[in-house]
Participant: 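Pasting a structure here, questions to come.
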Amino acid sequence: MRLKIDCIMAKQIPTRADDYAQWYVEIVKRADLAENSDVRGCMVIKPYGYAIWEKMQQGLDKMFKDTGHVNAYFPLFVPKSMFEAEEKNAEGFAKECAIVTHYRLKTDPNNKGKLIVDPDAKLEEELVVRPTSEAIIWSTYRKWIQSYRDLPILINQWANVVRWEMRTRLFLRTAEFLWQEGHTAHATAMEAEKETLQMLDVYADFVENFMALPVIKGKKSEGEKFPGAIDTYCIEALMQDGKALQAGTSHFLGQNFAKAFNVQYSNKEGKLEYVWGTSWGVSTRLIGGLIMAHSDDDGLIIPPRLAPIHVVIVPIFRSEEEQTKISAAVGPLITALRHAGLSVKFDDRDTHKPGFKFAEYEMKGVPVRMAIGPRDLENGTVEIARRDTKEKHVMNVKDVVVEIPKLLEDIQKNMYARALKFRTEMTTTVETYDEFKNILNSKGGFVLAHWDGTAETETKIKEETKATVRCIPLHSTAEDGKCIYSGKPSKMRVLFARAY
RNA sequence: CGGGGCGUAGCGCAGCCCGGUAGCGCGCCACGUUCGGGACGUGGAAGUCGUAGGUUCGAAUCCUGCCGCCCCGACCA
C-alpha cells in the first residue's frame with residue numbers, strides 16, 4: 001500500500017527487486033500494452049500491445065509459409081459430441097471449457113429493460129467454445145483425405161481460444177487469448193515427427209532471433225504433455241525472476257486424432273491407413289515473456305525486430321520558430337530512415353515537455369531515441385540514446401541513416417547476449433536433493449538434475465518444491481547418474497524450474 | 001468451491017468504528033509563465049457513495065439480502 005502510493009507520487013513503478021509481479025502488471029499498463037476488461041479474466045489488448053502482436057504474427061507467418069504451410073480458418077464452436085471424440089484431449093480440457101447452451105435471449109416479463117435466456121431456445125446439442133481446435137479440424141480433415149495424394153495437409157490458423165482459467169494474468173494467462181495453431185496431417189509417422197521437430201525449430205528460431213530470448217528445446221514428461229499427444233516438444237525460456245516460461249509447444253499426435261475421427265487414406269498399395277498428425281502453437285503469452293525477460297525498472301525494452309516504433313524523434317524547442325526550424329531539418333531524416341525500412345515516429349507535440357517524452361518512450365521500450373534541439377541545428381548533430389543500455393551520444397546528422405540501422409542490429413544482438421548471459425548464470429547443475437532445494441530457494445532459475453523418469457517422483461518434487469520438469473532437453477549428452485529424489489539410476493539430466 | 005478483502009469523481013484512495021448530506025492526490029479543462037530528463041501558478045468542471053430493502057427526523061456511515069471485483073488456496077501442459 002505504502003509502496004503503491006509512493007510509486008504514484010514519484011510516477012515510478014515498483015522495481016523488479018521490490019515486487020516482480022506488481023512490476024510486471026505496471027509495465028503492461030503503463031506501456032499501454034493492455035488492460036483488464038470488464039469481462040472477467042479477459043483483457044483488452046491496446047493498440048501498442050497489438051502492434052507488437054502484429055509484428056510477431058508477421059515474423060511467424062512468413063516462417064510458416066516458408067516451410068510450406070498455408071492459413072485457413074475453422075469455427076469457434078465445437079459440438080460437444082465432436083469435442084469428446086478424442087478422449088484424452090476432451091478430458092484434459094473439460095474443466096476449462098465455456099459452453100454455449102442457448103441461442104436466444106428475450107425480454108424479461110418481470111423486469112423491464114432486462115433480458116433473460118429464452119428457455120425455449122435451448123440447443124439440441126451444446127457447443128463448446130474451442131480451447132484448441134484439434135477436434136473440429138480433424139473432423140474436417142476426414143472429409144478432405146482419401147488418398148496418399150491428399151497428403152500432407154499443412155495448415156495454420158490465427159485464432160482466439162477460450163480456456164476458463166481460475167486465475168488470470170495479463171498476457172500470461174487469460175480466459176480468452178490469441179494464438180496460432182498449426183494442424184498437419186501426414187502419411188507416415190516419420191514425416192509427422194519430422195514436422196513436429198521442424199516447427200519446434202521454427203519457434204526456437206523466432207524466439208531467439210526476433211524476441212532476442214534464448215530457449216531450451218526439449219520434450220515434455222508424460223505428466224506434462226498435451227492431452228491427446230504421443231509426444232509434446234517445447235521451448236522453455238527463463239524470466240528475470242528466475243522462473244521458467246513455456247514459450248511454445250509442438251505436438252506429435254501419432255494417429256490418435258485420426259483414429260478418434262476416423263481419418264484414413266489409401267496408400268500406394270491401396271490399403272487403408274490412419275493418418276499421422278501434428279499440432280503446434282504459440283500465443284499472446286509470448287508478449288508476457290518478452291516483457292519479463294527484457295524490461296527494466298524504467299519500463300519496457302522491445303527488441304528492434306519486434307518494435308512497432310524503431311526510432312522516436314523528440315524535438316527540443318522553446319518557440320514556434322524553433323519548432324518550425326527543427327521540423328524542417330528533421331523532415332529529410334525521417335524520409336531517409338523510412339526508406340531504410342525503419343518505423344519512425346516524430347513526436348512534435350507541444351503539449352508535453354521533452355523530459356516527459358523521454359520517460360514515456362522509455363516506458364514504451366522504443367529502441368532508439370533521437371533528440372534534436374537548437375544546439376544540434378547549429379552543430380549539424382543529433383543526440384542518440386539507446387534504450388537497452390540507456391547510453392547517449394552525439395552523432396553527425398550525415399551519419400544517421402547509416403548508423404541507426406547498425407545500432408538497431410547491435411541492440412538486437414546485445415539484448416540476446418544479455419539474456420543468454422543471465423540464463424547461463426541462472427542455470428545450475430546439482431547432484432543432491434538438498435542442493436536442488438537450496439538453489440530453488442536462493443537463486444531460482446533452471447536446475448539440471450538427474451531424474452528417474454517416473455511420474456511419482458515428478459509429482460513428489462512438485463509438491464515439495466513447486467518445481468516441475470520443464471523438459472527433457474534435446475541436445476544434452478547422455479550421462480549416468482542417480483535420481484536426486486529416489487536415488488534410482490538415470491541416464492541424463494533434465495531441466496527443472498519453477499514456472500509460470 | 002474453501003479462506004480473506006474491497007466496491008466513494010476517469011484512475012488511486014480517505015471518510016464509516018462514534019449517522020448531520022462528500023474530501024485528497026493524480027488526471028482533465030482554461031489562462032499565464034515554462035520547455036536539452038517526468039514543470040509551476042491561478043482558476044474551473046466532474047461523484048444516483050455497487051445494488052435492493054430496513055432502522056432513523058436524517059444513512060457513504062448502522063442492519064439484511066443480492067451483484068461484482070481482487071488476493072491466497074484448490075485449478076491451470
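The chains referred to below are lettered A, B, ... by the order of the sequence lines, with proteins before strands, and numbering in each begins at 1. Only heavy atoms go into these numbers, but all of them, side chains included; no hydrogens, no water, no symmetry mates.
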Participant: Between A77(B) atom P and Trp179(A) atom CH2, what is the distance in whole Å?
Facilitator: 11 Å
Participant: Any strand counts, and the cut-off is 3.5 Å on both contacts for Watson-Crick or G-U wobble. Which nucleotide pairs with U42(B)?
Facilitator: A30(B)
Participant: Just to be sure I understand the rule, does Asp350(A) reach a base, reach only the sugar-phosphate, or reach nothing, if contact means heavy atoms closer than 4.0 Å?
Facilitator: nothing
Participant: Hey, what's the ring geometry for Phe496(A) with Trp451(A), parallel, tilted or perpendicular (30° and 60° as the breaks)?
Facilitator: perpendicular
Participant: Which residues pass the side chain to side chain donor-acceptor pair (under 3.5 Å) test with Glu391(A), not counting sequence neighbours?
Facilitator: Thr389(A)
Participant: Once you apply a heavy-atom cut-off of 4.0 Å, does Gly92(A) come out as touching a base, just sugar-phosphate, or nothing?
Facilitator: nothing
Participant: Nearest whole angstrom, please: distance from the P of A77(B) to the CZ of Phe226(A).
Facilitator: 10 Å
Participant: So which nucleotide from G37(B), G36(B), A77(B) ends up closest to the side chain of Pro227(A)?
Facilitator: A77(B)
Participant: Going by side chain to side chain donor-acceptor pair (under 3.5 Å), name the residues that satisfy it together with Arg387(A), two or more places apart in sequence or in a different chain.
Facilitator: Asp296(A)
Participant: Are Lys95(A) and C76(B) close enough that a side-chain N or O sits under 4.0 Å from OP1 or OP2?
Facilitator: yes
Participant: Applying ring pair (Phe, Tyr, Trp, His ring centres under 6.0 Å), name anything that partners Phe446(A), two or more places apart in sequence or on another chain.
Facilitator: none
Participant: Quick one: the side chain of Lys390(A) and the base of G37(B), do they pair up donor-acceptor inside 3.5 Å?
Facilitator: no
Participant: Check whether the side chain of Glu360(A) and the base of G38(B) form a donor-acceptor pair under 3.5 Å.
Facilitator: no
Participant: Determine: side-chain N/O of Lys353(A) to OP1/OP2 of A39(B), distance under 4.0 Å, yes or no.
Facilitator: yes
Participant: If you look only at pairs with a residue in residues 155-174 of chain A, which of them pass as a ring-ring contact (aromatic ring centres under 6.0 Å, His included), with sequence neighbours excluded?
Facilitator: Trp53(A)-Trp158(A)
Participant: Taking 4.0 angstrom as the limit, do Asp347(A) and Arg349(A) come out as a salt bridge?
Facilitator: yes
Participant: Between Arg30(A) and Glu26(A), does at least one N-O distance fall below 4.0 Å, as a salt bridge requires?
Facilitator: yes
Participant: From CD of Glu26(A) over to P of G38(B), roughly how many Å is that when rounded to an integer?
Facilitator: 21 Å
Participant: Return the pairing partner of C16(B) with a 3.5 Å limit on both distances, Watson-Crick or G-U wobble; otherwise return none.
Facilitator: none
Participant: Please give the distance between the P atoms of C70(B) and C28(B) as a whole number of Å.
Facilitator: 27 Å
Participant: Strictly by ring-ring contact (aromatic ring centres under 6.0 Å, His included), give each pair with a member in residues 312-331 of chain A just once, sequence neighbours left out.
Facilitator: none
Participant: On a whole-Å scale, what distance lies between the C1' atoms belonging to G32(B) and G50(B)?
Facilitator: 42 Å
Participant: Categorize Arg369(A) for me: base, sugar-phosphate, or nothing, with a 4.0 angstrom heavy-atom threshold over every strand shown.
Facilitator: base
Participant: Please list residues of residues 310-330 of chain A whose heavy atoms come under 4.0 Å from any atom in RNA chain B, ordered by number; otherwise none.
Facilitator: Ile316(A), Phe317(A), Arg318(A)
Participant: Does C1(B) have a Watson-Crick or wobble mate here (both distances under 3.5 Å), and if so which one?
Facilitator: G73(B)
Participant: Which base, if any, makes a Watson-Crick or G-U wobble pair with A9(B), both distances under 3.5 Å?
Facilitator: none
Participant: Base, sugar-phosphate alone, or nothing: which one does Arg173(A) contact when heavy atoms must sit under 4.0 Å apart?
Facilitator: base
Participant: Can you tell me which nucleotide in C76(B), A77(B), G36(B) comes closest to the side chain of Pro374(A)?
Facilitator: G36(B)
Participant: So if I take residues 236-260 of chain A and measure heavy-atom distances to RNA chain B, which residues fall below 4.0 Å?
Facilitator: Gln246(A)
Participant: Test your reading of the model: is there a side-chain donor-acceptor pair from Arg423(A) to the backbone of Val215(A), 3.5 Å cut-off?
Facilitator: yes
Participant: What integer number of Å spans the P atoms of G25(B) and G44(B)?
Facilitator: 14 Å
Participant: Under 3.5 Å, side chain of Glu383(A) to main-chain N/O of His393(A), donor-acceptor pair present?
Facilitator: no
Participant: Provide the Watson-Crick or G-U wobble partner of U51(B), both distances under 3.5 Å; none if there is no partner.
Facilitator: G65(B)
Participant: Could you work out which one of A77(B), G37(B), C76(B) sits closest to the side chain of Phe358(A)?
Facilitator: G37(B)
Participant: Any idea which of G36(B), G37(B), C69(B) is nearest the Arg375(A) side chain?
Facilitator: G36(B)
Participant: Sequence neighbours left out, what passes ring pair (Phe, Tyr, Trp, His ring centres under 6.0 Å) with Phe64(A)? Give chain and number order.
Facilitator: Trp280(A)
Participant: Which donor-acceptor pairs under 3.5 Å do the side chains of residues 87-102 of chain A make with protein atoms, sequence neighbours left out?
Facilitator:
residue: Asn89(A); atom: ND2; partner: Pro227(A); partner atom: O; Å: 2.9

Participant: Under the rule for ring pair (Phe, Tyr, Trp, His ring centres under 6.0 Å), what residues qualify as partners of Trp179(A), not counting sequence neighbours?
Facilitator: Phe177(A)
Participant: Paired with A60(B): which nucleotide, if any, by Watson-Crick or G-U wobble criteria at under 3.5 Å for both distances?
Facilitator: none
Participant: For G36(B), give its Watson-Crick or G-U wobble partner with both distances under 3.5 Å, or none.
Facilitator: none
Participant: Pick the P atom in C49(B) and in A22(B), then give their distance to the nearest Å.
Facilitator: 11 Å
Participant: Compile the donor-acceptor pairs under 3.5 Å between side chains in residues 43-52 of chain A and protein atoms, sequence neighbours left out, one pair per line.
Facilitator:
residue: Lys46(A); atom: NZ; partner: Asp32(A); partner atom: OD1; Å: 2.7
residue: Tyr48(A); atom: OH; partner: Lys364(A); partner atom: O; Å: 2.7

Participant: Taking only the side-chain heavy atoms of Asp376(A) (C-beta and beyond), determine which of C70(B), G37(B), G36(B) contains the nearest atom.
Facilitator: G36(B)
Participant: Expressed as a whole number of Å, how far does the P atom of G7(B) sit from that of G15(B)?
Facilitator: 10 Å
Participant: What interatomic distance, in whole Å, is found between C1' of C31(B) and the corresponding atom of G36(B)?
Facilitator: 27 Å
Participant: Distances under 3.5 Å only, N/O to N/O: pair up the protein atoms with those of nucleotides 5-8 of chain B.
Facilitator:
none

